*Asks:* 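Pasting a structure here, questions to come.
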Amino acid sequence: MLRKENSRPYREFNDEDDDYDQRSPEFFDDATEDLDREEQSASISQEEDIRGSSPSMRFSKTCLKNVFTVVLIFIYLLLTAVAIFLAYQTINEFLEKQINPVMSVTYKEVETFSPPGIALYPGKAKLLSCRHHFHDYIPPLVDPGKPQKGDCVIKDVTYHGPFSNQTQKRALVVRGPSQVRQKELIFMQFSHNETEEDFSAITYMLFAKFSDLNNSVNEPEFMRECERNYSMWTFSGGFRTWVKMSLVKTSGKTNEGIEFRQESAVVKFNDKRPEPEQTNQLFFAVFEWRDPYMQEIKLIVTANPWSSVAILCGVFMALFKAANFAKLSIQWIIKMRKRHLRNKAREMNPITDN
């Protein structure tokens, strides 16, 4: 009886075999797909389990990356500020050098100088003598206070002053020395009645070339311009004033200028004339070149525009790189923030579904 209950009919087993044989291939494909789905769901659930098991580690890495990015942005902003400051300093220094050029001084040795013009304004004084001497040798005076022969080239020019047309001036223009190697000098003496004045002096002026006066069409106008552009000096009565001249050429941005510098020494005159003749005060002046060197001063602008442009190009490239890096960093931070929110929403979805 028990055997009958446990036993199954042959036909039943046979029917099962027939059903197994009659199953289509799609049935096995569906079973395979179900199996793959189960494996994939198992792997996803395993990954989610792994992710869910270490949220603090993922958050710490993201936070560290964000902090590092912020630090880099701060460094680039600091470098950008330094670049802007350097650009400002470069432009400021360039403008400062343009306004204030550097003076370059050179000395040029010459054999002879062009004879300068020595313009004397004696006033009421009289020219007694004017002679050329060499090798710093001045012979003893013969009959001082009396007219003597001279060998100087002199021009008498009368003109109106450059600063007041009502002032009329008379200038004795003497051709100056030129042989600097032979120490050529010019010795002049004047006499003046000192009874009318407490102090007496003769004014003189030096200009570059005596030949310019000869070649000028209008001599009074030429002397007026010289007085406007050159300095005036004086030498006193009762002394011998030794004037040593030096020529200075200045080259500016637009024009060139010539001026004289001088060193003067004063020696007292021992008047041995009879007392009645001493009422006429005597003036002695010696003009000589100091040395055979001509001083040339040039104004040089040390600012190089190309170097400034190169520095500015480097600064602007640094600014561009900093701005580009800041843009990329901000985009990366926004992207990481969106990813973090998306992962957080994904983690919250199973909770809301349940």
Side-chain angles (χ1 to χ4, degrees), residues 103-122 125 127-141 144 148 150-155 171-192 199-213 223 226-227 229-251 256-270 281-298:
M103 296 178 62
S104 174
V105 180
T106 58
Y107 291 91
K108 181 180 179 181
E109 186 175 2
V110 297
E111 294 293 331
T112 59
F113 283 99
S114 296
I118 305 173
L120 300 119
Y121 302 88
L127 178 62
L128 299 179
S129 66
C130 177
R131 296 188 62 85
H132 287 260
H133 299 283
F134 295 92
H135 305 293
D136 290 342
Y137 175 72
I138 300 176
L141 294 175
Q148 298 177 7
D151 56 0
C152 297
V153 179
I154 302 174
K155 274 197 170 187
L172 296 177
V173 184
V174 181
R175 185 178 184 271
S178 61
Q179 301 296 328
V180 63
R181 295 292 182 179
Q182 299 179 9
K183 294 185 178 181
E184 180 186 4
L185 58 87
I186 291 178
F187 176 71
M188 292 180 286
Q189 57 175 323
F190 294 84
S191 66
H192 182 250
F199 303 96
S200 57
I202 294 177
T203 305
Y204 67 94
M205 176 184 65
L206 303 174
F207 59 90
K209 295 180 180 180
F210 181 80
S211 59
D212 292 341
L213 177 62
M223 292 302 301
C226 286
E227 186 175 349
N229 297 323
Y230 290 95
S231 301
M232 307 287 287
W233 291 281
T234 58
F235 57 90
S236 301
F239 298 93
R240 187 187 73 178
T241 304
W242 197 300
V243 180
K244 292 189 176 182
M245 305 173 294
S246 60
L247 191 62
V248 179
K249 288 186 177 181
T250 304
S251 299
E256 294 184 356
I258 298 176
E259 64 176 344
F260 283 88
R261 293 179 183 175
Q262 62 175 5
E263 297 177 0
S264 59
V266 179
V267 180
K268 186 179 181 301
F269 169 62
N270 296 322
Q281 191 174 15
L282 299 180
F283 299 79
F284 303 95
V286 180
F287 291 91
E288 181 189 6
W289 288 105
R290 188 185 68 176
D291 50 43
Y293 297 99
M294 182 186 301
Q295 185 176 352
E296 294 182 354
I297 299 176
K298 294 182 180 180

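Quick caveat, the model's predicted, so the values are computed rather than measured.
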*Asks:* Once salt bridge (charged side-chain N to carboxylate O under 4.0 Å, His left out) is applied, do any residues pair with Asp291, and if so which ones, sequence neighbours excluded?
*Replies:* none

*Asks:* Under 30°, 30 to 60°, or over 60°: which ring-plane class applies to Phe260 and Tyr230, parallel, tilted or perpendicular?
*Replies:* tilted

*Asks:* Run the numbers on Val173 and Phe207 for side chain to side chain contact (heavy atoms under 4.5 Å, CB included), then give the verdict.
*Replies:* CA-CA 10 Å; Val173 184; Phe207 59 90; 3.7 Å; yes

*Asks:* On a heavy-atom basis, which atom in Pro122 and which in Ile202 lie closest, and how many Å separate them?
*Replies:* CA-CG2, 4.1 Å

*Asks:* With no hydrogens and no angle check, is any side-chain donor or acceptor of Thr112 less than 3.5 Å from a backbone partner on Ser178?
*Replies:* no

*Asks:* With a 6.0 Å cut-off (strictly less than), is the heavy-atom count around CZ of Phe269, excluding the residue itself, greater than 12?
*Replies:* yes

*Asks:* Return the CD1 to OG1 distance between Ile297 and Thr250, rounded to the nearest 0.5 Å.
*Replies:* 4.5 Å

*Asks:* Quick one: side-chain hydrogen bond (donor to acceptor under 3.5 Å, both in side chains) partners of Tyr204, sequence neighbours excluded?
*Replies:* Gln262

*Asks:* Is there a side-chain contact between Leu282 and Leu128 (heavy atoms, below 4.5 Å)?
*Replies:* yes

*Asks:* Indicate the ring-plane relationship of Phe190 and Phe235, choosing parallel, tilted or perpendicular according to the 30° and 60° boundaries.
*Replies:* tilted

*Asks:* Residues in side-chain hydrogen bond (donor to acceptor under 3.5 Å, both in side chains) with Thr241, at least two apart?
*Replies:* none

*Asks:* Can you run down the salt bridge (Lys or Arg N to Asp or Glu O under 4.0 Å) pairs that involve residues 236-249, sequence neighbours left out, and say none if there aren't any?
*Replies:* none

*Asks:* If we only count heavy atoms from C-beta on, is the Val243 to Trp233 side-chain gap below 4.5 Å?
*Replies:* no

*Asks:* Looking at every non-hydrogen atom in both residues, tell me the closest pair between Phe239 and Lys268 and how far apart they are.
*Replies:* CD2-CA, 3.6 Å

*Asks:* Would you say the side chain of Ile186 lies within less than 4.5 Å of the side chain of Pro177, judging by non-hydrogen atoms?
*Replies:* yes

*Asks:* About how many Å separate OG of Ser114 and CG of Asp212, when rounded to the nearest 0.5 Å?
*Replies:* 9.0 Å

*Asks:* Indicate yes or no: at least one non-hydrogen side-chain atom of Ile118 is less than 4.5 angstrom from one of Leu206.
*Replies:* yes

*Asks:* Looking at residues at least two apart in the chain, or sitting in another chain, which of them share a salt bridge (charged side-chain N to carboxylate O under 4.0 Å, His left out) with Arg290?
*Replies:* Glu263

*Asks:* Using the test side chain to side chain contact (heavy atoms under 4.5 Å, CB included), find all partners of Pro139 that sit at least two apart in sequence or belong to another chain.
*Replies:* His133, Tyr137

*Asks:* For the atom pair CG (Asn229) and CD (Glu259), what is the distance rounded to the nearest 0.5 Å?
*Replies:* 11.5 Å

*Asks:* Which heavy-atom pair separates Met205 from Ser231 by the least distance, and what is that distance?
*Replies:* CG-O, 3.6 Å

*Asks:* Identify, with sequence neighbours excluded, every residue that meets disulfide bond (SG atoms under 2.5 Å apart) alongside Cys226.
*Replies:* none

*Asks:* Holding to ring-ring contact (aromatic ring centres under 6.0 Å, His included), I want the full list of residues that pass it with Phe283, two or more places apart in sequence or in another chain.
*Replies:* none

*Asks:* Just to verify, what does Thr234 make a side chain to side chain contact (heavy atoms under 4.5 Å, CB included) with, not counting sequence neighbours?
*Replies:* Ala201, Thr203

*Asks:* Any chance you could measure Ile154, atom CD1, to Phe210, atom CZ, to the nearest 0.5 Å?
*Replies:* 9.0 Å

*Asks:* Considering only heavy atoms from C-beta outward, does the side chain of Gln148 approach that of Gln189 to under 4.5 Å?
*Replies:* yes

*Asks:* Using side-chain hydrogen bond (donor to acceptor under 3.5 Å, both in side chains) as the criterion, list what pairs up with Lys155, not counting sequence neighbours.
*Replies:* Asn214, Glu219

*Asks:* Taking C-beta and beyond as the side chain, do Phe113 and Met245 meet within less than 4.5 Å on heavy atoms?
*Replies:* no

*Asks:* Would Ile138 and Arg131 count as a side chain to side chain contact (heavy atoms under 4.5 Å, CB included) if you check the C-alpha gap in whole Å, the side-chain angles of each, and the deciding distance to 0.1 Å?
*Replies:* CA-CA 10 Å; Ile138 300 176; Arg131 296 188 62 85; over 6 Å; no

*Asks:* Got Leu247 and Val110 here, is their nearest side-chain heavy-atom distance under 4.5 Å?
*Replies:* no

*Asks:* Phe284 versus Val267: any side-chain heavy-atom pair under 4.5 Å?
*Replies:* no

*Asks:* What pairs with Glu227 under salt bridge (charged side-chain N to carboxylate O under 4.0 Å, His left out), at least two apart in sequence or on another chain?
*Replies:* Lys169

*Asks:* Which residue pairs pass the salt bridge (Lys or Arg N to Asp or Glu O under 4.0 Å) test with at least one member in residues 173-184, sequence neighbours excluded?
*Replies:* Glu109-Arg181, Glu111-Arg181, Asp136-Lys183

